[in-house]
Novice: 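Mind looking over this structure? Questions follow.
All of these numbers come straight from a predicted model, not from anything done at the bench.
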Amino acid sequence: MRKVSVIGTTRCVAVSSSSVAKMVYSDDGINWTQVTLNPAGWSDICYGNGRFVAVNASYGISAYSDDGINWTENMNGIINNTWIIRKHI
């Protein structure tokens, strides 16, 4: 796992920068559940304003989630290795 983002004390979400397309989340930090989000190689994740945002610099995309489980991809999230998160995210 590469990065972890936390909603207060309730949910942790981590992204994988490996060749496996996955994220994991946990509500207790002990038991983790895998979420598949293609393509593989997510670069970073953060949480703010009630939403998780993950970026994949290799493919120039971002994804967002309100709960860390269900994700929506945004194909216009990254331009020339500069991470630009659109207003609706």
Novice: Could you tell me whether the side chain of S62 and the main chain of V55 form a donor-acceptor pair under 3.5 Å?
Specialist: no

Novice: Rounded at 0.5 Å granularity, tell me how far CG in L37 sits from CD1 in I61.
Specialist: 7.0 Å

Novice: State, to 0.1 Å, how close A54 and W42 come at their nearest heavy-atom pair, and which atoms those are.
Specialist: O-CZ3, 3.7 Å

Novice: What's the separation between atom CG in D67 and atom OG1 in T10, rounded to the nearest 0.5 Å?
Specialist: 11.0 Å

Novice: What's the spacing between Y47 OH and C12 SG if we round to 0.5 Å?
Specialist: 12.5 Å

Novice: Search all heavy atoms of V35 against all heavy atoms of G68 and return the closest pair with its distance.
Specialist: CG2-O, 4.4 Å

Novice: W71 pairs by side chain to side chain contact (heavy atoms under 4.5 Å, CB included) with which of D66, V13, T36?
Specialist: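 It is V13, the one option of D66, V13, T36 that forms the side chain to side chain contact (heavy atoms under 4.5 Å, CB included) with W71.
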
Novice: When rounded to the nearest 0.5 angstrom, what distance separates CD1 in I45 from CE in M23?
Specialist: 5.0 Å

Novice: Starting at CG of N49, measure out to OH of Y64 and round the result to the nearest 0.5 Å.
Specialist: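 Result: 13.5 Å between the selected atoms.
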
Novice: Hey, could you give me the CZ/SG distance between F52 and C46, rounded to the nearest 0.5 Å?
Specialist: 9.5 Å

